[in-house]
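For reference, the structure discussed in these notes is given below.
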Amino acid sequence: MIELRGKPVKDRIIEKLNKRILSGQKVNFKLIYNPKFSEALAYANQIDKLASKLNQSVERFEISNFSEAVKALNTSKNDPLANICICRPLGVLDEDKLISSVPSNMDGDMLTPLNRGKLASGEIQYLTSTAQAVRLILSYYQIELKGKNVLVLGRSNSVGLPISLMCLISSACITTVHSQVPVEKIKQQVKLADVIISATGARNIISKDDFKSHQVLIDCGYHDDGKGDFDFIPNIYAYTPVPGGIGPITISCLIENAFFLKYGE
(Lines give C-alpha, C1' and ligand atoms only; values in the text may rest on other atoms or scores of the structure.)
Protein backbone atom coordinates (compact mmCIF):
# COMPACT_ATOMS: atom_id res chain seq x y z
CA MET A 1 0.00 0.00 0.00
CA ILE A 2 1.33 3.42 -1.00
CA GLU A 3 0.86 6.42 1.27
CA LEU A 4 0.45 9.58 -0.83
CA ARG A 5 1.93 12.26 1.38
CA GLY A 6 1.55 15.93 0.50
CA LYS A 7 4.78 17.41 1.87
CA PRO A 8 7.02 16.78 -1.18
CA VAL A 9 4.33 18.31 -3.41
CA LYS A 10 4.06 21.34 -1.15
CA ASP A 11 7.85 21.72 -1.12
CA ARG A 12 7.86 21.91 -4.93
CA ILE A 13 5.23 24.66 -4.89
CA ILE A 14 7.11 26.64 -2.23
CA GLU A 15 10.29 26.38 -4.30
CA LYS A 16 8.46 27.88 -7.31
CA LEU A 17 6.91 30.60 -5.15
CA ASN A 18 10.30 31.58 -3.75
CA LYS A 19 11.63 32.00 -7.30
CA ARG A 20 8.73 34.33 -8.09
CA ILE A 21 9.34 36.34 -4.94
CA LEU A 22 13.08 36.60 -5.58
CA SER A 23 12.27 38.00 -9.03
CA GLY A 24 10.35 40.85 -7.39
CA GLN A 25 6.80 39.54 -7.56
CA LYS A 26 4.56 40.11 -4.53
CA VAL A 27 0.94 39.71 -3.47
CA ASN A 28 -0.89 41.39 -0.60
CA PHE A 29 -3.32 38.97 1.04
CA LYS A 30 -6.60 40.37 2.40
CA LEU A 31 -8.39 37.94 4.71
CA ILE A 32 -12.10 38.55 5.39
CA TYR A 33 -13.54 36.24 8.04
CA ASN A 34 -15.98 35.91 10.91
CA PRO A 35 -14.04 34.74 14.00
CA LYS A 36 -17.17 33.07 15.40
CA PHE A 37 -16.68 30.24 12.91
CA SER A 38 -13.71 28.01 13.76
CA GLU A 39 -13.40 26.67 10.21
CA ALA A 40 -13.14 30.19 8.75
CA LEU A 41 -10.72 31.30 11.45
CA ALA A 42 -8.52 28.24 10.88
CA TYR A 43 -8.46 28.94 7.12
CA ALA A 44 -7.47 32.57 7.70
CA ASN A 45 -4.75 31.53 10.15
CA GLN A 46 -3.30 28.98 7.70
CA ILE A 47 -3.12 31.55 4.89
CA ASP A 48 -1.62 34.13 7.24
CA LYS A 49 1.03 31.67 8.46
CA LEU A 50 2.28 30.62 5.02
CA ALA A 51 2.00 34.04 3.37
CA SER A 52 3.91 35.64 6.24
CA LYS A 53 6.56 32.91 6.04
CA LEU A 54 6.98 33.89 2.38
CA ASN A 55 7.32 37.56 3.43
CA GLN A 56 4.06 38.56 1.77
CA SER A 57 1.82 41.23 3.28
CA VAL A 58 -1.27 40.02 5.16
CA GLU A 59 -4.16 42.22 6.27
CA ARG A 60 -7.00 40.71 8.32
CA PHE A 61 -10.60 41.94 8.46
CA GLU A 62 -12.79 40.49 11.22
CA ILE A 63 -16.46 40.94 10.34
CA SER A 64 -19.76 40.07 12.01
CA ASN A 65 -22.33 41.17 9.42
CA PHE A 66 -22.79 41.72 5.69
CA SER A 67 -22.17 45.49 5.71
CA GLU A 68 -18.82 45.01 7.47
CA ALA A 69 -17.87 42.37 4.90
CA VAL A 70 -18.76 44.72 2.02
CA LYS A 71 -16.70 47.50 3.57
CA ALA A 72 -13.70 45.18 3.98
CA LEU A 73 -14.07 43.97 0.40
CA ASN A 74 -14.27 47.49 -1.03
CA THR A 75 -11.23 48.58 0.99
CA SER A 76 -9.27 45.58 -0.28
CA LYS A 77 -10.17 46.26 -3.91
CA ASN A 78 -8.24 49.54 -3.77
CA ASP A 79 -4.95 47.64 -3.59
CA PRO A 80 -3.90 46.49 -7.11
CA LEU A 81 -1.68 43.78 -5.58
CA ALA A 82 -4.49 42.38 -3.41
CA ASN A 83 -5.65 38.79 -3.27
CA ILE A 84 -8.97 38.75 -1.43
CA CYS A 85 -9.82 35.62 0.55
CA ILE A 86 -13.45 35.28 1.67
CA CYS A 87 -12.93 32.75 4.46
CA ARG A 88 -16.13 30.77 4.71
CA PRO A 89 -18.49 30.42 6.39
CA LEU A 90 -19.03 34.12 7.04
CA GLY A 91 -22.38 33.53 8.68
CA VAL A 92 -24.04 36.29 6.64
CA LEU A 93 -26.73 36.33 3.98
CA ASP A 94 -25.68 36.76 0.36
CA GLU A 95 -22.28 35.15 0.86
CA ASP A 96 -22.27 34.10 -2.79
CA LYS A 97 -23.09 37.67 -3.83
CA LEU A 98 -20.06 38.87 -1.90
CA ILE A 99 -17.79 36.31 -3.57
CA SER A 100 -19.13 37.34 -6.97
CA SER A 101 -18.08 40.92 -6.19
CA VAL A 102 -14.42 39.96 -5.81
CA PRO A 103 -12.42 41.04 -8.90
CA SER A 104 -11.46 37.90 -10.82
CA ASN A 105 -7.75 38.82 -10.74
CA MET A 106 -7.91 39.02 -6.93
CA ASP A 107 -9.64 35.65 -6.48
CA GLY A 108 -7.04 33.04 -5.57
CA ASP A 109 -9.86 30.81 -4.35
CA MET A 110 -11.07 30.71 -8.00
CA LEU A 111 -14.71 31.00 -6.94
CA THR A 112 -15.87 34.04 -8.91
CA PRO A 113 -18.20 33.33 -11.87
CA LEU A 114 -15.54 34.36 -14.39
CA ASN A 115 -12.84 32.09 -12.96
CA ARG A 116 -15.26 29.18 -12.58
CA GLY A 117 -16.32 29.71 -16.19
CA LYS A 118 -12.72 29.57 -17.38
CA LEU A 119 -12.27 26.23 -15.61
CA ALA A 120 -15.50 24.93 -17.16
CA SER A 121 -14.04 25.93 -20.54
CA GLY A 122 -11.06 23.66 -19.92
CA GLU A 123 -8.49 26.12 -18.54
CA ILE A 124 -6.92 23.93 -15.85
CA GLN A 125 -5.00 26.88 -14.32
CA TYR A 126 -8.27 28.11 -12.78
CA LEU A 127 -8.72 25.19 -10.40
CA THR A 128 -9.65 25.94 -6.80
CA SER A 129 -6.86 25.27 -4.34
CA THR A 130 -8.14 21.89 -3.11
CA ALA A 131 -8.82 20.65 -6.64
CA GLN A 132 -5.35 21.81 -7.67
CA ALA A 133 -3.89 19.95 -4.69
CA VAL A 134 -5.62 16.76 -5.85
CA ARG A 135 -4.31 17.20 -9.40
CA LEU A 136 -0.75 17.80 -8.22
CA ILE A 137 -0.59 14.91 -5.77
CA LEU A 138 -1.87 12.51 -8.45
CA SER A 139 0.71 13.87 -10.91
CA TYR A 140 3.57 13.67 -8.39
CA TYR A 141 2.86 10.00 -7.64
CA GLN A 142 2.27 9.27 -11.35
CA ILE A 143 -1.33 8.16 -10.95
CA GLU A 144 -2.89 8.48 -14.40
CA LEU A 145 -6.53 9.58 -14.76
CA LYS A 146 -6.88 9.19 -18.53
CA GLY A 147 -9.42 6.48 -19.29
CA LYS A 148 -9.86 5.60 -15.60
CA ASN A 149 -13.18 5.33 -13.78
CA VAL A 150 -13.14 8.16 -11.21
CA LEU A 151 -15.79 8.53 -8.52
CA VAL A 152 -16.09 11.97 -6.92
CA LEU A 153 -18.03 12.18 -3.67
CA GLY A 154 -19.40 15.72 -3.32
CA ARG A 155 -20.40 18.58 -5.64
CA SER A 156 -19.60 21.82 -3.79
CA ASN A 157 -18.46 24.80 -5.86
CA SER A 158 -15.16 24.96 -4.00
CA VAL A 159 -14.17 21.27 -3.94
CA GLY A 160 -16.34 18.55 -5.48
CA LEU A 161 -17.44 20.27 -8.69
CA PRO A 162 -13.99 21.63 -9.70
CA ILE A 163 -12.44 18.24 -8.94
CA SER A 164 -14.98 16.61 -11.28
CA LEU A 165 -14.14 19.17 -13.98
CA MET A 166 -10.42 18.58 -13.45
CA CYS A 167 -10.90 14.82 -13.92
CA LEU A 168 -13.00 15.42 -17.03
CA ILE A 169 -10.32 17.70 -18.50
CA SER A 170 -7.84 14.91 -17.71
CA SER A 171 -9.91 12.51 -19.89
CA ALA A 172 -11.22 10.35 -17.06
CA CYS A 173 -14.63 8.67 -17.00
CA ILE A 174 -16.36 10.64 -14.25
CA THR A 175 -19.18 9.79 -11.87
CA THR A 176 -20.16 12.42 -9.31
CA VAL A 177 -22.39 11.53 -6.36
CA HIS A 178 -23.72 13.68 -3.54
CA SER A 179 -26.10 13.85 -0.59
CA GLN A 180 -29.18 13.33 -2.78
CA VAL A 181 -27.90 9.99 -4.09
CA PRO A 182 -28.91 6.95 -1.97
CA VAL A 183 -26.01 5.32 -0.15
CA GLU A 184 -26.65 1.98 -1.87
CA LYS A 185 -26.22 3.61 -5.29
CA ILE A 186 -22.99 5.21 -4.10
CA LYS A 187 -21.71 1.83 -2.97
CA GLN A 188 -22.53 0.40 -6.41
CA GLN A 189 -20.42 3.10 -8.05
CA VAL A 190 -17.53 2.43 -5.64
CA LYS A 191 -17.24 -1.10 -7.03
CA LEU A 192 -16.66 0.32 -10.53
CA ALA A 193 -14.12 2.98 -9.57
CA ASP A 194 -10.36 3.02 -10.07
CA VAL A 195 -9.91 6.31 -8.22
CA ILE A 196 -12.19 7.60 -5.46
CA ILE A 197 -11.99 11.26 -4.42
CA SER A 198 -13.96 12.17 -1.30
CA ALA A 199 -15.02 15.76 -0.68
CA THR A 200 -18.26 15.28 1.22
CA GLY A 201 -17.49 16.63 4.68
CA ALA A 202 -19.35 13.57 5.97
CA ARG A 203 -17.79 10.61 7.74
CA ASN A 204 -17.58 7.03 6.46
CA ILE A 205 -20.22 7.08 3.71
CA ILE A 206 -18.29 4.13 2.33
CA SER A 207 -17.28 1.28 4.63
CA LYS A 208 -13.93 -0.52 4.64
CA ASP A 209 -15.49 -3.57 2.95
CA ASP A 210 -16.69 -1.52 -0.03
CA PHE A 211 -13.16 -0.85 -1.31
CA LYS A 212 -11.24 -2.97 -3.82
CA SER A 213 -7.52 -3.72 -3.62
CA HIS A 214 -6.57 -1.91 -6.88
CA GLN A 215 -8.17 1.43 -5.94
CA VAL A 216 -6.71 4.84 -5.08
CA LEU A 217 -8.41 6.97 -2.42
CA ILE A 218 -7.95 10.74 -2.23
CA ASP A 219 -9.47 12.06 0.99
CA CYS A 220 -10.08 15.83 0.92
CA GLY A 221 -12.02 15.89 4.18
CA TYR A 222 -10.94 17.22 7.54
CA HIS A 223 -12.93 16.93 10.76
CA ASP A 224 -12.59 18.22 14.30
CA ASP A 225 -10.95 14.98 15.43
CA GLY A 226 -8.11 15.59 12.95
CA LYS A 227 -9.18 12.83 10.58
CA GLY A 228 -10.68 12.98 7.10
CA ASP A 229 -13.89 11.66 5.57
CA PHE A 230 -12.72 8.18 6.61
CA ASP A 231 -11.48 7.26 10.08
CA PHE A 232 -9.93 4.03 8.81
CA ILE A 233 -7.26 3.02 6.30
CA PRO A 234 -8.75 0.75 3.62
CA ASN A 235 -6.79 -2.15 2.16
CA ILE A 236 -6.17 -0.60 -1.27
CA TYR A 237 -3.34 0.29 -3.65
CA ALA A 238 -2.79 3.89 -2.49
CA TYR A 239 -4.38 6.53 -0.27
CA THR A 240 -3.82 10.04 1.10
CA PRO A 241 -3.42 10.14 4.89
CA VAL A 242 -5.26 12.71 6.99
CA PRO A 243 -3.51 14.68 8.26
CA GLY A 244 -0.55 14.83 5.89
CA GLY A 245 -2.13 14.27 2.48
CA ILE A 246 -4.11 16.94 0.65
CA GLY A 247 -4.10 19.41 3.55
CA PRO A 248 -0.44 20.51 3.39
CA ILE A 249 -0.78 21.30 -0.33
CA THR A 250 -4.02 23.30 -0.34
CA ILE A 251 -2.89 26.63 1.14
CA SER A 252 0.28 26.67 -0.98
CA CYS A 253 -1.96 26.15 -4.05
CA LEU A 254 -4.08 29.13 -3.01
CA ILE A 255 -0.99 31.32 -2.77
CA GLU A 256 0.29 30.02 -6.10
CA ASN A 257 -3.11 30.82 -7.63
CA ALA A 258 -2.82 34.39 -6.33
CA PHE A 259 0.56 34.86 -8.01
CA PHE A 260 -0.72 33.29 -11.24
CA LEU A 261 -3.64 35.75 -11.40
CA LYS A 262 -1.29 38.70 -10.92
CA TYR A 263 1.66 37.64 -13.06
CA GLY A 264 0.65 34.68 -15.23
CA GLU A 265 2.54 31.40 -15.53
| message | Test of understanding: with side-chain contact (heavy atoms from CB on, under 4.5 Å), list the residues that count as partners of Ala42, not counting sequence neighbours. | response | none
| task | Would you check if the side chain of Asn257 reaches a backbone N or O of Gly108 as a donor-acceptor pair within less than 3.5 Å? | result | yes
| said: Main chain of Gln215, side chain of Asp194: is a donor-acceptor contact present, judged purely on distance under 3.5 Å? | reply: no
| remark: Heavy atoms of Ala133 and Thr250 approach each other most closely as CB-OG1, 4.0 Å
| request: Search all heavy atoms of Gln56 against all heavy atoms of Phe259 and return the closest pair with its distance. | output: OE1-CZ, 3.5 Å
Side-chain atoms of residues 172-186: list all donor-acceptor pairs with protein atoms under 3.5 Å, sequence neighbours left out, distances to 0.1 Å.
residue, atom, partner, partner atom, Å
Thr176, OG1, Ser164, OG, 2.7
His178, ND1, Gln180, N, 3.2

| request: Determine, stepwise, if the pair Ile21 / Asn55 fulfils side-chain contact (heavy atoms from CB on, under 4.5 Å). | output: CA-CA 9 Å; Ile21 293 164; Asn55 295 315; 5.7 Å; no
| task | Sequence neighbours left out, what passes side-chain contact (heavy atoms from CB on, under 4.5 Å) with Lys10? Give chain and number order. | result | Ile14, Pro248, Ser252
| request: Kindly work out whether a path of hydrophobic side-chain contacts (I/L/V/M/F/W/Y, heavy atoms less than 4.5 Å apart) joins Met1 to Val242. | output: no
| Leu261 reachable from Tyr263 in the ILVMFWY side-chain graph, under 4.5 Å edges | yes
| Qualifying residues under side-chain contact (heavy atoms from CB on, under 4.5 Å), relative to Ile124, sequence neighbours excluded | Leu127, Arg135, Met166, Ile169
| Short question: side chain of Lys148, backbone of Glu144 - any donor-acceptor pair under 3.5 Å? | yes
| message | Can you give me the closest heavy-atom contact between Cys220 and Ile246, atom names plus distance? | response | SG-CG1, 4.4 Å
| When you measure from the side chain of Lys77 to the backbone N and O of Ser101, does any donor-acceptor pair fall under 3.5 Å? | yes
| task | Nearest 0.5 Å please: distance from the CG atom of Asn115 over to the OG1 atom of Thr112. | result | 3.5 Å
| ring pair (Phe, Tyr, Trp, His ring centres under 6.0 Å): which pairs involve residues 130-162, sequence neighbours left out? | none
| task | List in chain and number order the residues that pass side-chain contact (heavy atoms from CB on, under 4.5 Å) with Ala258, two or more places apart in sequence or in another chain; answer none if no residue qualifies. | result | Val27, Phe29, Asn83
| task | Report yes or no: do Ile2 and Ile197 belong to one cluster of Ile/Leu/Val/Met/Phe/Trp/Tyr joined by side chain heavy-atom distances under 4.5 Å? | result | yes
| query | Is a side-chain donor-acceptor pair under 3.5 Å present for Ser207 with Asp209? | reply | no
| Distance-only, no hydrogens or angles: does the Gln132 side chain make a donor-acceptor pair with backbone N or O of Thr128 under 3.5 Å? | no
| said: Checking the side chain of Gln189 only, and the main-chain atoms of Lys187 only, is there a donor and an acceptor separated by less than 3.5 Å? | reply: no
| In Å and rounded to the nearest 0.5 Å, what is the CG to OG distance from Leu81 to Ser57? | 9.5 Å
| field | Step-by-step side-chain contact (heavy atoms from CB on, under 4.5 Å) determination, Ile196 to Val216 | value | CA-CA 6 Å; Ile196 299 164; Val216 174; over 6 Å; no
| field | Gap between atom CD of Glu256 and atom CD of Gln125 - 0.5 Å precision | value | 11.0 Å
| field | Residue pair Glu39 / Pro89: nearest heavy atoms and the distance that separates them | value | OE1-CD, 4.1 Å
| note | In short, ring pair (Phe, Tyr, Trp, His ring centres under 6.0 Å) pairs touching residues 204-229 with sequence neighbours left out are Phe211-Phe230
| query | Taking the side chain from Ser129 and the backbone from Cys253, do they hold a donor-acceptor pair closer than 3.5 Å? | reply | no
| said: Suppose clustering is done on Ile, Leu, Val, Met, Phe, Trp and Tyr with side-chain heavy atoms closer than 4.5 Å. Which residues sit in the same group as Ile63? | reply: Ile32, Phe61, Phe66, Val70, Leu73, Ile84, Ile86, Leu90, Val92, Leu98, Ile99, Val102, Met106, Leu111
| said: Suppose we screen for ring pair (Phe, Tyr, Trp, His ring centres under 6.0 Å). Which residues come up paired with Tyr43, at least two apart in sequence or across chains? | reply: none
| remark: Scanning both residues in full, the closest heavy-atom pair of Gly221 with Asp229 reads CA-OD1, 3.4 Å
| said: If we count only N and O atoms by modelled type, under 3.5 Å, do the side chains of Ser104 and Asp107 hold a donor and an acceptor together? | reply: no
| query | Taking all atoms of both residues into account, what is the closest heavy-atom pair of Ile47 and Cys85, and its distance? | reply | CD1-SG, 3.9 Å
| Does one side chain, of Tyr33 or Glu62, offer a donor that lies under 3.5 Å from an acceptor on the other? | yes
| request: State plainly whether the residues Asp225 and Arg203 are in salt-bridge range, i.e. N to O under 4.0 Å. | output: yes
| task | Kindly work out whether a path of hydrophobic side-chain contacts (I/L/V/M/F/W/Y, heavy atoms less than 4.5 Å apart) joins Val134 to Val9. | result | yes
| message | Testing the 3.5 Å rule here: is there a donor-acceptor pair between the side chains of Asp231 and Asn204? | response | yes
| Distance in Å, Ile13 CD1 paired with Leu136 CG, rounded so as to fall on 0.5 Å steps | 5.0 Å
| task | State, yes or no, whether a side-chain contact exists between Ser170 and Lys146 at a heavy-atom distance under 4.5 Å. | result | no
| message | Quick check: do Leu54 and Leu17 have side-chain heavy atoms less than 4.5 Å from each other? | response | yes
| Pairwise distance CG(Leu168) to CG(Leu145) - rounded to 0.5 angstrom | 11.0 Å
| task | For Ile249 and Ile137, run side-chain contact (heavy atoms from CB on, under 4.5 Å): C-alpha distance rounded to whole Å, both residues' side-chain angles, the deciding distance at 0.1 Å, then the answer. | result | CA-CA 8 Å; Ile249 313 172; Ile137 203 166; 3.9 Å; yes
| field | Asp48 bridged to Arg60 by N-O distance under 4.0 Å | value | yes
| In one Ile/Leu/Val/Met/Phe/Trp/Tyr side-chain cluster, 4.5 Å: Ile218, Ile143 | yes
In residues 150-161, what donor-acceptor pairs under 3.5 Å come from side-chain atoms, sequence neighbours left out?
residue, atom, partner, partner atom, Å
Ser156, OG, Val159, N, 3.1
Ser156, OG, Gly160, N, 3.4
Asn157, OD1, Arg116, NH2, 3.2
Ser158, OG, Arg88, NH2, 3.3

| task | May I have the step-by-step check of side-chain contact (heavy atoms from CB on, under 4.5 Å) for Glu123 and Leu119, ending in yes or no? | result | CA-CA 5 Å; Glu123 297 185 53; Leu119 175 62; over 6 Å; no
| field | ring pair (Phe, Tyr, Trp, His ring centres under 6.0 Å) against Tyr126, all qualifying residues, sequence neighbours excluded | value | Phe260
| Spacing of Leu4 atom CG and Thr240 atom OG1 [to the nearest 0.5 Å] | 6.5 Å
| Who are the side-chain hydrogen bond (donor to acceptor under 3.5 Å, both in side chains) partners of Tyr239, not counting sequence neighbours? | Glu3
